[in-house]
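Report on the structure given below.
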Amino acid sequence: MKKIILYLLIIISSYLSAQKYVPFPTENAQWNVFYASTFTGGKMDTTLLKYSLQGDTTINSVVYRKLCRNIGTYVLPIYKRIGCMREQDKKIYYFGLS
């Protein structure tokens, strides 16, 4: 009886600890990243970096989403393309620009 209860607990706990798949956002996705510079004894310097996906492009006959960094203001955004990314088979592929 103890073994049956133990096996049931193991089975139930494995389902509870399993990861859930969440697809990568591709529509209207935006990320805000705070970058903090090293501490130099004074005030710590931080910068807000804004990233977003802006449109599609084709590379080697594969459709990628354009990954851009917003270097402008909120009112007048200027998007600088820094790479491309796509999701396939629950994996994220990144194609960086040189």
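Reckoned from all heavy atoms, side chains included, excluding hydrogens, waters and symmetry mates.
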Using the rule that Ile, Leu, Val, Met, Phe, Trp and Tyr join whenever any side-chain heavy atoms are under 4.5 Å apart, tell me whether [X] and [Y] fall into a single cluster.
X	Y	result
Ile71	Tyr51	no
Leu53	Val63	no
Val33	Ile92	yes

>> Which residues end up grouped with Phe95 if you chain together Ile, Leu, Val, Met, Phe, Trp and Tyr wherever their side-chain heavy atoms are less than 4.5 Å apart?
In response: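 Phe95 clusters with Ile59, Val62, Tyr64.
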> Linking Ile, Leu, Val, Met, Phe, Trp and Tyr by side-chain heavy atoms under 4.5 Å, what else ends up with Tyr79?
Replying inline: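 Its cluster mates, by chain and number: none.
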>> Would you compute the distance between atom NZ of Lys50 and atom CZ of Arg69 and round it to the nearest 0.5 angstrom?
In response: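 The NZ atom of Lys50 sits 11.5 Å away from the CZ atom of Arg69.
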> Atom CZ in Arg81, atom CG in Leu67: separation rounded to 0.5 Å?
Replying inline: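 Interatomic distance, Arg81 CZ to Leu67 CG, rounded to 0.5 Å: 10.0 Å.
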>> Does this structure show an ion pair linking Lys66 with Asp56, if we count only N-O contacts that are shorter than 4.0 Å?
In response: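 A salt bridge is absent here (no side-chain N lies under 4.0 Å from a carboxylate O).
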>> Quick check on side-chain contact (heavy atoms from CB on, under 4.5 Å): which of Met85, Gln88, Glu87 does Tyr93 satisfy it with?
In response: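 Among the candidates, only Gln88 passes.
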>> When you compare the side chain of Asn70 with that of Lys80, does any pair of heavy atoms fall below 4.5 Å?
In response: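 No; the side chains remain at least 4.5 Å from each other.
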>> Under the rule for ring pair (Phe, Tyr, Trp, His ring centres under 6.0 Å), what residues qualify as partners of Phe24, not counting sequence neighbours?
In response: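 Residues passing ring pair (Phe, Tyr, Trp, His ring centres under 6.0 Å) with Phe24: Trp31.
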